[in-house]
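Reading through the structure tokens given below for one structure.
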Amino acid sequence: MAPKPWSEWSMALSHMALAVVSLRAAVSTAQASRGAAAGFLLQALAAATMLIRGLGTDEDCLAGAWVATVIGLPLLAFDFHWCTNGHLMCAGCFIHLLADARLKEEQATCPNCRCEISKSLCCRNLAVEKAVSELPSECGFCLRPFPRSLLERHQKEECQDRVTQCKYKRIGCPWHGPFHELTVHEAACAHPTKTGNELMEILDEMDQSHRKEMQLYNSIFSLLSFEKIGYTEVQFRPYRTDDFITRLYYETPRFTVLSQTWVLKARVNDSERNPNLSCKRTLSFQLLLKSKVTAPLECSFLLLKGPYDDVKISPVIYHFVFTNDSNETDYVPLPIVDSVECNKLLAAKNINLRLFLFQIQK
């Protein structure tokens, strides 16, 4: 076995020194702050893992997996919160705990010590986040280990095994493959040599899908030309039904738009009995007209995220004709991207959105 060059031994000594200093800091701060001690401990373990890799051990992935189990998480997120007793929760678990507590009408608690947790009581642990960013993680394409802080850039820009598309996809080439095969494929791709008639068939199919995407935005532009347009910020507040087993629902205070009084209501998973037991979570809402009208009121409406929220909502236009006998819409889906975004809304004290109303005049 050939001796290792001095540069590798120097790097190994550097990691060893960092591990020793971090471990000593973890011990000295354990009594004063458990969260800070956890951060130093993770930093020491990260340095030890890098040291093992530097010495040529083939157990890199096992070491990384063992480090990940220190706090019982796969360590996919960089944001970590800690309770008042120093126990760690990743951002996803923290939001999920708050959302579950809202659904069960309970106070959210730390899963380790059962102390109360909330967005005001818990704060981020920057020491742990810094340590986790240095922990190794495998690239999903080439399976090589990288520090987590560099992994996203590697997967998007540098990895030779990342999935990419042919440059002729705009004329219908469906090829997907590893980046290192892209040059060979494009040199042999048959799409540039297709006849005009063959390309027209492909482009017609692509135009149909594109027209569906543009239809929504064209509809919004058409609505913006209406004479009577109104919008307002709405705040959904949580309430409970009077049933024996209460259910969570949301309702806004009355608000005025287009010279009429309205209310919005929302419910979780269409009011199923135990939405807290479901991994898939959705919100649906209905619009209610509280004013009396002398003639049918035909409106289009849509909900978008508020100016201070980061929830991802896709715009969907709904249409309804309001009368005195039919003054509320059916429950329609709030077009949230996924259950993670739904948990963000449920974890918040109130749900703040923006409502647009367009009155259709014939």
Side-chain angles (χ1 to χ4, degrees), residues 81 89 91-111 114-122 232-255 257 261-291 299 301-306 308-316 318-320 322 325-355 357:
H81 299 260
M89 296 160 281
C93 291
F94 179 61
I95 293 297
H96 197 89
L97 288 170
L98 296 182
D100 278 356
R102 173 59 54 83
L103 291 171
K104 294 185 288 186
E105 199 180 11
E106 297 176 355
Q107 172 62 50
T109 59
C110 170
R114 301 304 174 189
C115 71
E116 292 186 6
I117 59 173
S118 67
K119 289 186 176 181
S120 59
L121 292 174
C122 298
T232 186
E233 317 300 330
V234 293
Q235 185 179 83
F236 290 86
R237 299 174 181 173
Y239 296 95
R240 289 278 163 178
T241 63
D242 295 330
D243 304 331
F244 177 73
I245 300 178
T246 63
R247 290 183 173 87
L248 173 69
Y249 73 96
Y250 288 85
E251 186 172 329
T252 67
R254 294 192 177 198
F255 56 90
V257 179
T261 303
W262 309 83
V263 166
L264 280 164
K265 291 184 178 181
R267 61 189 186 188
V268 183
N269 287 14
D270 288 326
S271 292
E272 71 177 14
R273 183 162 186 157
N274 292 307
N276 56 293
L277 301 180
S278 174
C279 293
K280 184 177 180 181
R281 290 172 182 171
T282 60
L283 282 169
S284 54
F285 72 98
Q286 70 170 169
L287 179 62
L288 299 86
L289 174 65
K290 291 299 185 179
S291 303
C299 292
F301 60 95
L302 72 156
L303 276 176
L304 299 176
K305 74 180 188 71
Y308 306 111
D309 289 331
D310 61 351
V311 65
K312 298 175 183 177
I313 298 179
S314 303
V316 174
Y318 297 104
H319 183 81
F320 193 77
F322 294 91
D325 296 327
S326 178
N327 64 346
E328 58 185 46
T329 69
D330 294 330
Y331 274 91
V332 293
L334 181 64
I336 311 171
V337 175
D338 53 31
S339 296
V340 174
E341 298 300 315
C342 186
N343 278 335
K344 286 183 181 179
L345 293 177
L346 295 175
K349 184 177 180 180
N350 298 300
I351 299 177
N352 298 293
L353 300 175
R354 177 173 284 177
L355 172 71
L357 268 171

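We use all heavy atoms of the structure for the numbers below, so side chains are in, but hydrogens, waters and symmetry mates are not.
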Mark yes or no for whether Thr252, through its side chain, and Leu264, through its backbone, hold a donor-acceptor pair below 3.5 Å.
yes

Between Lys305 and Arg354, is any pair of side-chain heavy atoms under 4.5 Å apart?
no

Looking at Gln107 and Ile117, would you say the former's side chain and the latter's main chain have a donor-acceptor pair under 3.5 Å?
yes

Leu288 vs Lys265, test: side chain to side chain contact (heavy atoms under 4.5 Å, CB included). Steps then yes/no.
CA-CA 8 Å; Leu288 299 86; Lys265 291 184 178 181; 4.0 Å; yes

Would you give the length of the straight line joining atom CG of Leu121 to atom CD of Glu116, rounded to the nearest 0.5 angstrom?
6.5 Å

Is the distance between the ring centroids of Phe322 and Phe320 under 6.0 Å?
yes

Does the side chain of Leu283 come within less than 4.5 Å of Ile336's, by heavy atoms?
yes

Can you check whether Arg240 reaches Leu248 side chain to side chain, under 4.5 Å on heavy atoms?
yes

Could you check whether the rings of Phe94 and His81 sit parallel, tilted or perpendicular, using 30° and 60° as the cut-offs?
parallel

Could you tell me whether a side-chain N or O of Tyr318 sits under 3.5 Å from a main-chain N or O of Pro333, the two making a donor and an acceptor?
yes

Can you give me every donor-acceptor pair (side chain of residues 338-346, partner residue at least two apart or in another chain, under 3.5 Å) with its distance?
unit_1 : atom_1 : unit_2 : atom_2 : d
Asp338 : OD1    : Val340 : N      : 3.2
Asp338 : OD1    : Glu341 : N      : 3.0
Ser339 : OG     : Arg281 : N      : 3.0
Glu341 : OE1    : Lys312 : N      : 3.1
Glu341 : OE2    : Lys344 : NZ     : 3.4
Asn343 : OD1    : Arg281 : NH1    : 2.9
Asn343 : ND2    : His96  : ND1    : 3.3

I want to check something: taking the side chain as every heavy atom from C-beta on, are Glu233 and Asn352 in contact at a cut-off of under 4.5 Å?
no

So, does Ser291 use its side chain to make a donor-acceptor pair with the main chain of Thr261 at under 3.5 Å?
yes

Between Leu353 and Leu334, is there a side-chain heavy-atom distance shorter than 4.5 Å?
yes

Please confirm whether Phe301 and Trp262 have ring centers closer than 6.0 angstrom.
no

Taking C-beta and beyond as the side chain, do Val332 and Ser284 meet within less than 4.5 Å on heavy atoms?
no

If the threshold is 4.0 Å, N to carboxylate O, is there a salt bridge linking Arg237 and Glu251?
no

How close do Ser314 and Pro335 get, counting heavy atoms only, and between which atoms?
O-CG, 2.7 Å

Between Asn350 and Pro238, is there a side-chain heavy-atom distance shorter than 4.5 Å?
yes

Keeping Asn269 on the side-chain end and Thr282 on the backbone end, is there a donor-acceptor pair under 3.5 Å?
yes

Lys119 and Leu98: CA distance, side-chain angles, deciding distance, side chain to side chain contact (heavy atoms under 4.5 Å, CB included) verdict:
CA-CA 9 Å; Lys119 289 186 176 181; Leu98 296 182; 3.9 Å; yes

Taking ring pair (Phe, Tyr, Trp, His ring centres under 6.0 Å) as the test, write out the residues that go with Tyr331, two or more places apart.
none

Which pair of heavy atoms, one from Leu357 and one from Cys299, lies closest together, and at what distance?
CD2-CB, 4.1 Å

Donor-acceptor pair, distance only, cut-off 3.5 Å: does the side chain of Gln286 make one with the backbone of Thr329?
yes

Roughly how far apart are Phe236 CZ and Arg267 CZ, rounded to 0.5 Å?
13.0 Å

As an exercise, state the distance from CD1 of Ile95 to CG of Asp100, rounded to the nearest 0.5 Å.
11.5 Å

Thr241 (side chain) donor-acceptor with Arg247 (main chain) under 3.5 angstrom
yes

